[in-house]
Amino acid sequence: MMKEKVKKSPINMLIFSSSPNDSEQVSSHLKNMGLPIRHQVISDSEQLKDAIELKHWQQALFIDELDNLPIKQALKQLKNQPIAVPAVLLTNDYSDEKRFEMLALGLKDCIPAGALDLLAMIVKRDQKLVESLQSLEQANKIVYETNKRNELLLDSSKDAIAYIHEGMHIYTNPSYIKRFGYEEDEIIVMTIMDIVADEEKDKIRALLKRQSQDGTEVSELIKGKTASGEEFEADFIISSAIYDDEECVQLLVRDIGDQQELMQKLKEMSKQDQVTGALNRPAFIEHLTKAVETSRQKDLDSALYFIEIDNFASYRNQFGIADCDVLLKDVSHWLHDKCHSTVVIGRISDSSFAILDADTNKPPTELPKFLIKDIEKQLFEISGQTLKVTLSIGGVPCTGHELEPGKILLHATTVAHNIQEKGGNSFQIFNPSIDSLLDEDERKIFEEFTNARDESKMTLFYQPMMSLKGSSSKQYMCYFRYQLSDGTWGLGEHIFPIFEKVGMDAEIDKVTLKHALKVLVKDKETGNNNKLFLALSPNTLMRDDLEAWLEKLVTAAGIDSGNIVMTVKSHMAQTYYKKVLELRDALKKNGIPLCLSGVENDNTELVRSIAPQYVAMAPNFIDTLKEHGADKVQSIVRASAEIQAKTIISNLEDASTLAQIWPLGVDFVMGNYVSKPIPKLNYDFADSDF
């Protein structure tokens, strides 16, 4: 199987120059020399400050010195970057003395302005250094985090663990101290011989010697001795270790009995989804990670399949969660019955499963094609009713590309959801390269966005919400925008589904949230008190560290947590119901409100069960109101009032519609009749006609 070429990562370069022509000539030459340059021209310190806040830079290039930004000042600002940014000066006034002066100032090199081929070689050299520093930083971070995690695990472990150096205890965890009955300051000056029975001392010496010679983990049943003289039989397990940068051995003392069997059962149960009996999401991800590594090393054609049960949200609304759990269990049993015993099956979310198939002797389409056809023959019973269930399956090969396990699962999920949007009951095998992800029109749209992103031309627009109940709250719905090729600010057609396809939706959420928090900080400094609503994408919602990440960003910003409202679309809440409930509870602890948006008239049970602080109706709410009257929409408004949620109506376009909305008791309205989305938080709420 042919491997795809690994594309070189782009070099984020700052070019300090007062001449656009000079900077363009230099960047074009570097690109022609095969260097993947993404550059931004800097002409003053404010531009440099904004650029540093936006992204990490890997190269700085000075085309002579700017009058209003000395090189020394620029280098000082660049020190804020996490990795040192190598800088080079191209000068028309080159001399050995000039080069010595610039090197002393902190530049990596100083060369004549016309030596562009030499510049390309210097940039290549500098980038090898940057890559090495990045790798070192990542390695140090991993080591630090691993050590911290290990310390926590040791201190909280129920196993009795100690570290022994030259026969002496240098560390004992609480379980070890408790097991042997000594005080910590007593046992730390004792030898390993002091905690075994007298007749077992030769055994422990032989065990230590065997471990030293073999270098592997060794164990033996030995009688331990407590401070009171009581003897007990235990498994003494010794292995090589490093503690506090010192080579030593780890001693694990585990009592003999039924505990080992119990711990094994508990370990197995911790990896199992209790509803379906399949592996839970973390356990399945572990299998996927190992399978991807093995597939690449041995070039095996394993594949991942993400399986969504079609119409599951409507089943849950009709029959309830408990009865749908029975359906999930039956589907899981059917999958285990129909798939080969070598495949790994996991439950990934409320309505979805995943299958990892390492069978290299069949085409990737065979399994999903079989499952789609076979389930049509099956009858499932729920609440005394017989159902025929269909599936949407997205498959991704685990070899032939450089995607990480998380991205493989993400792409399989996206494919399955796209199939569902087209009616479901089908499958598709996904090619993970961008060219195969997007059709020609989508690639053009994505390229337009990429150009805007590379030029830092991304922003937020804000649409004000007007209170119908006299509230003094000043709140806006945030919309991500970038500069289109015609110079206007907007979005390419269907750009958000494109972001999901290429795995960028979570990255856009990150940029949007950080920008919104920055705006709120400035807003607070000027004495204003605005509230911003920001939408979360599916892949942000599925972040394992989502709650901690949000809390860290809001806390660091120093704003009132109530001034940022996290918004989740109703169809996402149905798909990731449990995750949304977890998010709601975590946000509530931190004082961050949750808004359920795109709510349809038949989503009353969803609204009641999630109980968000805000309910934003779907755009078709007004159409339904106009066509069928207030009775058709009153139930969702009442459901929102029952949980004391504030209601929001969007797409308000005229005064006559406002007259129909007013009697419903809605809290806020937004739309072009109030105001179109605006680039700043400067809407005059006091001057409105409401």
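Only this structure's heavy atoms are used, side chains among them; waters, hydrogens and symmetry mates stay out.
Residues V344 and L279 meet the side-chain proximity criterion, which asks for heavy atoms closer than 4.5 Å. Proximity of P364 to Y305: side-chain heavy atoms (C-beta onward) are separated by under 4.5 Å at one or more points. A heavy-atom distance below 4.5 Å is found between the side chains of L596 and V607. Taking the side chain as every heavy atom from C-beta outward, E547 and N590 never approach each other to under 4.5 Å. Here the side chains of K589 and E551 are not in contact, with every heavy-atom distance at 4.5 Å or above. The shortest distance between side-chain heavy atoms of V554 and I564 falls below 4.5 Å. Between Q274 and R347, every side-chain heavy-atom pair lies at or beyond the 4.5 Å cut-off. Between T289 and V292, every side-chain heavy-atom pair lies at or beyond the 4.5 Å cut-off.
The environment of K569 atom NZ is sparse: at most 12 non-hydrogen atoms of other residues, nucleotides or ligands sit within 6.0 angstrom. Environment of NZ in K201: crowded, with over 12 heavy atoms of neighbouring residues, nucleotides or ligands closer than 6.0 Å. Other residues, nucleotides and ligands place more than 12 heavy atoms under 6.0 Å from the NZ atom of K225. Heavy atoms of other residues, nucleotides or ligands lying less than 6.0 angstrom from CD of E199 number more than 12. Residue-environment remark: CD (E184) stays at or below the threshold of 12 foreign heavy atoms within 6.0 Å. The neighbour count for K338 NZ, taken as heavy atoms of other residues, nucleotides or ligands under 6.0 Å away, is above 12.
In terms of heavy-atom proximity, Y576 sits nearest to T413 at OH-CG2, 3.8 Å. Closest heavy-atom contact between H417 and T575: NE2-CG2, 4.2 Å. Shortest non-hydrogen contact noted between L606 and S570 is CD2-O, 3.7 Å. Closest non-hydrogen pair, G394 versus A416, comes out as N-CB, 3.8 Å.
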*Steps toward side chain to side chain contact (heavy atoms under 4.5 Å, CB included) verdict (L541, L583)*: CA-CA 8 Å; L541 184 64; L583 173 65; 3.7 Å; yes

*asked:* With side-chain hydrogen bond (donor to acceptor under 3.5 Å, both in side chains) as the criterion, how do T191 and D194 come out once you've worked through the C-alpha distance, each side chain's angles and the decisive distance to 0.1 Å?
replied: CA-CA 5 Å; T191 70; D194 296 324; 3.2 Å; yes

*Given salt bridge (Lys or Arg N to Asp or Glu O under 4.0 Å), test R179 with D255 step by step and report yes or no.*
CA-CA 10 Å; R179 184 67 192 89; D255 284 65; 3.0 Å; yes

*asked:* Go through it in stages, so that I can follow the logic: the residues are R316 and E605, the test is salt bridge (Lys or Arg N to Asp or Glu O under 4.0 Å), and I'd like the CA-CA distance, side-chain angles, deciding distance and then a yes or no.
replied: CA-CA 10 Å; R316 185 164 53 199; E605 290 305 316; over 6 Å; no

*Apply side chain to side chain contact (heavy atoms under 4.5 Å, CB included) to the pair I161 and L251, showing each step before the final yes or no.*
CA-CA 6 Å; I161 301 174; L251 170 62; over 6 Å; no

*List the steps and the verdict of side chain to side chain contact (heavy atoms under 4.5 Å, CB included) for K407 and L410.*
CA-CA 5 Å; K407 286 291 180 69; L410 165 62; 3.9 Å; yes

*How far apart are the C-alpha atoms of M190 and I195, what are their side-chain angles, what is the distance that settles it, and do they pass the side chain to side chain contact (heavy atoms under 4.5 Å, CB included) test?*
CA-CA 8 Å; M190 297 171 62; I195 52 95; 4.2 Å; yes

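Side-chain atoms of Q211 never come within 3.5 Å of backbone atoms of I238 as a donor-acceptor pair (strictly under, hydrogens ignored). Side-chain N or O atoms of H165 include one that pairs as donor or acceptor with a backbone N or O of E247 at under 3.5 Å. In terms of modelled atom types and a separation under 3.5 Å, the side chain of E200 and the main chain of A197 share no donor-acceptor contact. Although no hydrogens or angles enter the test, the distance criterion places a donor-acceptor pair under 3.5 Å between the side chain of S352 and the main chain of S349. Using a distance-only test at 3.5 Å, with no hydrogens or angles considered, no donor-acceptor pair links the side chain of S212 to the main chain of L208. A donor-acceptor pair under 3.5 Å links the side-chain atoms of S175 to the main chain of S157, judged by distance alone.
Using a 4.0 Å cut-off between a side-chain N of Lys or Arg and a carboxylate O of Asp or Glu, K588 and D585 do not qualify as a salt bridge. A salt bridge does not link K290 to E293: none of the charged nitrogens lies less than 4.0 Å from a carboxylate oxygen.
In this structure, a donor-acceptor pair under 3.5 Å is present between the side chains of Y577 and S609. The closest side-chain donor-acceptor pair between T540 and S537 falls under 3.5 angstrom.
Evaluation of the ring-ring contact (aromatic ring centres under 6.0 Å, His included) rule for F232 yields F180 as partners, not counting sequence neighbours.
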Atom pairs and distances, side-chain donor-acceptor, residues 321-334, under 3.5 Å, sequence neighbours left out:
unit_1 : atom_1 : unit_2 : atom_2 : d
D323   : OD2    : S383   : OG     : 2.4
S332   : OG     : T276   : O      : 3.1
W334   : NE1    : D374   : OD2    : 2.9

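Note on ring orientation: taking the six-membered ring where Trp is involved, the planes of F319 and Y315 are tilted (angle from 30° to 60°).
Pairs of residues two or more places apart, or lying in two chains, that qualify as salt bridge (charged side-chain N to carboxylate O under 4.0 Å, His left out) and include a residue from residues 207-220 are R210-E220.
The aromatic ring centroids of Y176 and H169 lie less than 6.0 Å from each other.
Rounded to the nearest 0.5 angstrom, K203 NZ and L207 CG are separated by 10.0 Å.
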